[in-house]
Amino acid sequence: NNAMTETPDGTLIMGEYGNVWNGSGWKNLAHLYLSSDKGATWDRSDFLIGQGANKHVHVVKYSRLFNKVFVADGDNKKKLWVSDGGDPFDPKNPGWKAVNRFHIQMGGHTSAVESDGKVLFGTDYQGGTNFLVETKDGKTFASKVVPDPYRKSPIENMVPRRAGHGSETWANLPFSTPTTKSLLMFTADGRKTWTKVLEYNKAYHKVSLLSSAYGTPDAVYFSIADSENRNRAVYKITDLG
(Lines give C-alpha, C1' and ligand atoms only; values in the text may rest on other atoms or scores of the structure.)
Protein backbone atom coordinates (compact mmCIF):
# COMPACT_ATOMS: atom_id res chain seq x y z
CA ASN A 1 0.00 0.00 0.00
CA ASN A 2 1.67 3.23 -1.16
CA ALA A 3 -0.67 5.43 0.93
CA MET A 4 0.22 4.24 4.43
CA THR A 5 3.42 4.55 6.44
CA GLU A 6 4.84 4.28 9.95
CA THR A 7 7.33 6.63 11.58
CA PRO A 8 10.03 5.46 14.04
CA ASP A 9 7.95 6.49 17.05
CA GLY A 10 5.12 4.17 15.93
CA THR A 11 2.88 6.87 14.45
CA LEU A 12 0.73 5.58 11.59
CA ILE A 13 -0.15 7.97 8.76
CA MET A 14 -2.61 6.97 6.05
CA GLY A 15 -4.02 8.70 2.99
CA GLU A 16 -7.48 7.99 1.62
CA TYR A 17 -7.82 6.80 -1.98
CA GLY A 18 -10.92 6.25 -4.08
CA ASN A 19 -12.71 7.23 -7.27
CA VAL A 20 -16.30 8.03 -6.34
CA TRP A 21 -18.59 9.95 -8.71
CA ASN A 22 -21.34 11.78 -6.80
CA GLY A 23 -23.48 12.71 -9.82
CA SER A 24 -21.95 16.10 -10.57
CA GLY A 25 -18.27 15.53 -9.87
CA TRP A 26 -15.71 13.46 -8.02
CA LYS A 27 -16.20 13.01 -4.27
CA ASN A 28 -13.26 14.56 -2.46
CA LEU A 29 -11.41 11.86 -0.52
CA ALA A 30 -8.09 13.68 -0.05
CA HIS A 31 -8.01 13.08 3.70
CA LEU A 32 -5.01 12.21 5.86
CA TYR A 33 -5.43 10.07 8.97
CA LEU A 34 -3.01 9.74 11.89
CA SER A 35 -2.88 7.26 14.77
CA SER A 36 -0.49 7.34 17.70
CA ASP A 37 -1.98 4.28 19.48
CA LYS A 38 -1.26 1.50 16.96
CA GLY A 39 -4.44 2.13 15.00
CA ALA A 40 -6.92 2.02 17.88
CA THR A 41 -8.05 5.60 17.20
CA TRP A 42 -7.51 7.97 14.27
CA ASP A 43 -7.51 11.74 13.76
CA ARG A 44 -8.36 13.19 10.34
CA SER A 45 -6.70 16.10 8.58
CA ASP A 46 -8.25 17.95 5.64
CA PHE A 47 -5.11 19.97 4.98
CA LEU A 48 -4.79 18.72 1.40
CA ILE A 49 -8.41 19.62 0.65
CA GLY A 50 -7.75 23.10 1.97
CA GLN A 51 -4.83 23.33 -0.46
CA GLY A 52 -7.05 22.48 -3.44
CA ALA A 53 -6.70 18.69 -3.74
CA ASN A 54 -10.02 17.46 -5.10
CA LYS A 55 -9.87 13.69 -5.33
CA HIS A 56 -7.59 11.43 -3.30
CA VAL A 57 -4.12 10.67 -1.89
CA HIS A 58 -1.60 8.64 -3.87
CA VAL A 59 1.46 8.25 -1.63
CA VAL A 60 2.30 8.54 2.06
CA LYS A 61 5.93 7.52 2.55
CA TYR A 62 8.23 7.88 5.57
CA SER A 63 11.86 8.30 4.53
CA ARG A 64 14.39 6.92 6.99
CA LEU A 65 17.12 8.60 4.95
CA PHE A 66 15.73 12.12 5.54
CA ASN A 67 13.58 11.40 8.61
CA LYS A 68 10.66 13.04 6.82
CA VAL A 69 7.28 12.02 5.42
CA PHE A 70 6.41 12.56 1.76
CA VAL A 71 2.78 12.89 0.67
CA ALA A 72 1.55 13.01 -2.94
CA ASP A 73 -2.02 13.99 -3.84
CA GLY A 74 -3.97 13.52 -7.07
CA ASP A 75 -5.45 14.19 -9.47
CA ASN A 76 -5.98 17.88 -10.24
CA LYS A 77 -3.15 19.51 -8.26
CA LYS A 78 -0.66 16.64 -8.41
CA LYS A 79 1.49 18.06 -5.64
CA LEU A 80 4.26 16.49 -3.61
CA TRP A 81 4.54 17.52 0.03
CA VAL A 82 7.24 16.89 2.64
CA SER A 83 6.94 17.16 6.43
CA ASP A 84 8.63 20.32 7.66
CA GLY A 85 8.08 20.54 11.39
CA GLY A 86 4.86 21.67 13.01
CA ASP A 87 1.80 19.55 13.66
CA PRO A 88 0.13 17.96 10.61
CA PHE A 89 -3.24 18.41 12.33
CA ASP A 90 -2.81 22.05 13.28
CA PRO A 91 -4.45 24.16 10.52
CA LYS A 92 -2.26 27.18 11.38
CA ASN A 93 1.00 25.22 11.30
CA PRO A 94 0.31 21.92 9.51
CA GLY A 95 3.95 21.04 9.01
CA TRP A 96 3.80 20.28 5.28
CA LYS A 97 5.92 22.03 2.65
CA ALA A 98 5.05 21.86 -1.05
CA VAL A 99 7.92 20.53 -3.15
CA ASN A 100 6.31 21.59 -6.45
CA ARG A 101 3.87 24.40 -7.28
CA PHE A 102 2.32 23.06 -10.50
CA HIS A 103 1.41 19.60 -11.75
CA ILE A 104 3.75 19.96 -14.73
CA GLN A 105 6.63 19.93 -12.24
CA MET A 106 6.10 16.19 -11.86
CA GLY A 107 4.09 15.82 -8.67
CA GLY A 108 1.13 13.61 -7.81
CA HIS A 109 3.32 10.54 -7.71
CA THR A 110 1.74 7.10 -7.56
CA SER A 111 4.75 5.27 -6.10
CA ALA A 112 7.86 5.84 -3.99
CA VAL A 113 10.77 3.69 -2.86
CA GLU A 114 13.91 4.35 -0.80
CA SER A 115 17.17 2.62 -1.72
CA ASP A 116 20.88 3.30 -2.25
CA GLY A 117 20.77 6.62 -0.41
CA LYS A 118 17.99 8.05 -2.57
CA VAL A 119 14.20 8.27 -2.70
CA LEU A 120 12.70 7.45 -6.09
CA PHE A 121 9.20 8.51 -7.20
CA GLY A 122 7.10 7.42 -10.17
CA THR A 123 4.80 9.92 -11.88
CA ASP A 124 1.09 9.70 -12.66
CA TYR A 125 0.45 11.03 -16.16
CA GLN A 126 -1.74 8.34 -17.67
CA GLY A 127 -1.75 8.87 -21.42
CA GLY A 128 1.00 11.50 -21.17
CA THR A 129 4.75 11.43 -20.53
CA ASN A 130 5.93 9.75 -17.33
CA PHE A 131 9.13 10.13 -15.38
CA LEU A 132 11.24 8.50 -12.70
CA VAL A 133 12.14 11.25 -10.23
CA GLU A 134 14.83 10.88 -7.56
CA THR A 135 16.27 12.95 -4.74
CA LYS A 136 19.41 12.58 -2.64
CA ASP A 137 18.57 15.34 -0.17
CA GLY A 138 14.77 15.72 -0.18
CA LYS A 139 15.15 19.20 -1.66
CA THR A 140 16.39 18.86 -5.23
CA PHE A 141 14.88 16.39 -7.68
CA ALA A 142 16.25 14.92 -10.91
CA SER A 143 14.05 13.20 -13.47
CA LYS A 144 14.41 10.72 -16.33
CA VAL A 145 11.70 10.19 -18.92
CA VAL A 146 10.19 6.72 -19.35
CA PRO A 147 10.83 5.86 -23.02
CA ASP A 148 8.37 4.54 -25.59
CA PRO A 149 6.53 2.23 -25.83
CA TYR A 150 5.98 2.59 -22.04
CA ARG A 151 6.06 6.40 -21.78
CA LYS A 152 2.30 6.80 -21.29
CA SER A 153 2.09 4.41 -18.35
CA PRO A 154 2.15 5.72 -14.75
CA ILE A 155 4.56 3.90 -12.45
CA GLU A 156 2.01 2.20 -10.22
CA ASN A 157 4.31 0.62 -7.65
CA MET A 158 8.00 0.26 -6.80
CA VAL A 159 9.63 -2.01 -4.22
CA PRO A 160 13.23 -2.71 -3.16
CA ARG A 161 14.91 -6.11 -2.93
CA ARG A 162 18.13 -7.12 -1.20
CA ALA A 163 19.97 -9.45 -3.58
CA GLY A 164 23.27 -11.28 -3.28
CA HIS A 165 24.87 -8.93 -5.78
CA GLY A 166 23.51 -5.82 -4.04
CA SER A 167 20.25 -3.92 -4.00
CA GLU A 168 17.52 -3.96 -6.63
CA THR A 169 14.50 -1.75 -7.30
CA TRP A 170 11.45 -3.26 -9.01
CA ALA A 171 8.80 -1.18 -10.80
CA ASN A 172 5.49 -1.92 -12.49
CA LEU A 173 3.98 0.20 -15.30
CA PRO A 174 0.53 -1.36 -15.84
CA PHE A 175 -1.25 1.03 -18.22
CA SER A 176 -1.26 0.37 -21.96
CA THR A 177 -3.21 1.39 -25.06
CA PRO A 178 -3.39 -0.20 -28.55
CA THR A 179 -0.13 1.62 -29.37
CA THR A 180 1.71 1.30 -26.04
CA LYS A 181 2.81 -1.52 -23.75
CA SER A 182 2.94 -2.31 -20.04
CA LEU A 183 6.13 -3.31 -18.27
CA LEU A 184 7.50 -5.00 -15.16
CA MET A 185 11.18 -4.12 -14.75
CA PHE A 186 14.02 -3.88 -12.22
CA THR A 187 17.36 -2.16 -11.82
CA ALA A 188 20.43 -3.62 -10.12
CA ASP A 189 22.92 -0.79 -10.72
CA GLY A 190 21.48 2.14 -8.80
CA ARG A 191 18.89 2.95 -11.51
CA LYS A 192 21.42 3.60 -14.25
CA THR A 193 19.89 0.84 -16.38
CA TRP A 194 16.68 -1.19 -16.14
CA THR A 195 16.09 -4.83 -17.07
CA LYS A 196 12.83 -5.86 -18.75
CA VAL A 197 11.12 -8.72 -16.89
CA LEU A 198 7.66 -8.78 -18.46
CA GLU A 199 6.23 -6.76 -21.33
CA TYR A 200 2.45 -7.13 -21.47
CA ASN A 201 -0.85 -5.64 -22.60
CA LYS A 202 -3.38 -4.73 -19.92
CA ALA A 203 -6.20 -5.85 -22.22
CA TYR A 204 -5.06 -9.44 -21.71
CA HIS A 205 -3.18 -9.51 -18.41
CA LYS A 206 -3.03 -7.64 -15.11
CA VAL A 207 0.35 -7.63 -13.37
CA SER A 208 0.71 -6.38 -9.79
CA LEU A 209 3.74 -5.90 -7.53
CA LEU A 210 2.54 -7.29 -4.21
CA SER A 211 5.49 -6.63 -1.92
CA SER A 212 5.06 -3.90 0.69
CA ALA A 213 7.43 -4.96 3.48
CA TYR A 214 9.07 -2.34 5.69
CA GLY A 215 12.75 -2.02 4.90
CA THR A 216 14.47 -4.01 2.17
CA PRO A 217 13.34 -7.66 1.97
CA ASP A 218 15.26 -10.37 0.12
CA ALA A 219 12.24 -11.36 -1.96
CA VAL A 220 9.80 -9.67 -4.33
CA TYR A 221 6.30 -10.99 -5.02
CA PHE A 222 4.20 -10.21 -8.07
CA SER A 223 1.03 -11.64 -9.59
CA ILE A 224 -0.16 -12.21 -13.15
CA ALA A 225 -3.90 -12.43 -13.81
CA ASP A 226 -5.51 -13.46 -17.09
CA SER A 227 -8.13 -10.82 -17.92
CA GLU A 228 -10.32 -13.28 -19.84
CA ASN A 229 -10.62 -16.27 -17.49
CA ARG A 230 -9.38 -14.48 -14.34
CA ASN A 231 -6.82 -17.17 -13.53
CA ARG A 232 -4.16 -15.69 -11.27
CA ALA A 233 -0.69 -16.85 -10.29
CA VAL A 234 1.72 -15.35 -7.73
CA TYR A 235 5.49 -15.49 -8.26
CA LYS A 236 8.37 -15.02 -5.82
CA ILE A 237 11.74 -13.59 -6.88
CA THR A 238 14.59 -14.43 -4.53
CA ASP A 239 18.20 -15.64 -4.66
CA LEU A 240 18.57 -19.40 -4.97
CA GLY A 241 19.85 -21.18 -1.90
Side-chain angles (χ1 to χ4, degrees), residues 1-15 17 33-35 38-39 57-72 80 82-83 109-124 130 132-138 144 146 150 153-175 182-200 205-225 232-241:
N1 188 339
N2 290 320
M4 185 171 183
T5 198
E6 182 177 3
T7 62
D9 64 0
T11 299
L12 301 174
I13 306 175
M14 179 171 57
Y17 181 91
Y33 299 86
L34 183 145
S35 175
K38 299 181 179 181
V57 181
H58 283 165
V59 169
V60 180
K61 173 72 173 179
Y62 170 72
S63 167
R64 289 180 293 174
L65 180 63
F66 307 132
N67 190 29
K68 293 181 181 295
V69 177
F70 289 96
V71 171
L80 178 66
V82 62
S83 58
H109 310 294
T110 43
S111 55
V113 66
E114 183 171 279
S115 180
D116 300 321
K118 302 175 185 177
V119 176
L120 181 69
F121 300 93
T123 62
D124 172 44
N130 284 278
L132 290 164
V133 183
E134 68 177 29
T135 179
K136 298 178 182 179
D137 56 12
K144 292 183 178 179
V146 176
Y150 320 107
S153 181
I155 297 90
E156 178 189 53
N157 196 10
M158 293 189 291
V159 298
R161 187 179 88 86
R162 182 176 56 251
H165 55 75
S167 62
E168 296 175 350
T169 299
W170 287 66
N172 187 37
L173 291 70
F175 176 79
S182 300
L183 180 67
L184 176 67
M185 64 181 185
F186 77 94
T187 178
D189 58 6
R191 302 154 191 167
K192 295 177 183 177
T193 62
W194 292 82
T195 299
K196 184 190 305 182
V197 179
L198 289 173
E199 184 180 85
Y200 61 99
H205 294 93
K206 177 178 174 57
V207 176
S208 301
L209 268 174
L210 306 177
S211 303
S212 59
Y214 184 75
T216 306
D218 59 8
V220 163
Y221 295 84
F222 67 90
S223 67
I224 303 176
R232 181 173 179 266
V234 176
Y235 298 87
K236 178 182 178 180
I237 302 296
T238 188
D239 291 1
L240 295 176

Heavy-atom side-chain contact between Val57 and Tyr17 under 4.5 Å:
no
Strictly by modelled atom types, are Asn2 and Ser111 linked by a side-chain donor-acceptor pair under 3.5 Å?
no
Close side-chain approach of Phe186 and Ile237, heavy atoms under 4.5 Å
no
Donor-acceptor under 3.5 Å (Thr135 side chain, Asp137 main chain)
yes
Closest non-hydrogen atoms of Gly15 and Val60, given as atom of the first, atom of the second and distance, are N-CG2, 3.7 Å
Got a sec, which residues hit ring-ring contact (aromatic ring centres under 6.0 Å, His included) with Phe222, two or more places apart in sequence or on another chain?
Tyr235
Within the 4.5 Å heavy-atom criterion, are Arg191 and Ser115 side-chain neighbours or not?
yes
Is the shortest side-chain N to carboxylate O distance from Asp239 to Arg162 below 4.0 Å?
no
Has Thr187 got a side-chain atom pairing as donor or acceptor with Trp194's backbone, closer than 3.5 angstrom?
no
Check whether Asn157 reaches the backbone of Asn172 with its side chain - one donor and one acceptor, N or O, closer than 3.5 Å.
no
Could you check whether any side-chain N or O of Thr5 sits under 3.5 Å from a backbone N or O of Lys61, counting only pairs where one atom can act as donor and the other as acceptor?
no
Could you grab the distance from atom CG of Leu173 to atom CG of Leu198, nearest 0.5 Å is fine?
12.5 Å
Looking only at atom types and distance, does a side-chain atom of Glu114 sit under 3.5 Å from a main-chain N or O of Leu65, one as donor and one as acceptor?
yes
Residues Thr238, Asp218; criterion side chain to side chain donor-acceptor pair (under 3.5 Å); working and verdict:
CA-CA 6 Å; Thr238 188; Asp218 59 8; 4.5 Å; no
On a heavy-atom basis, which atom in Thr110 and which in Pro154 lie closest, and how many Å separate them?
OG1-CB, 4.4 Å
Tyr200, OH: over 12 other non-hydrogen atoms inside 6.0 angstrom:
yes
Any side-chain heavy-atom pair from Leu132 and Met158 closer than 4.5 angstrom?
yes
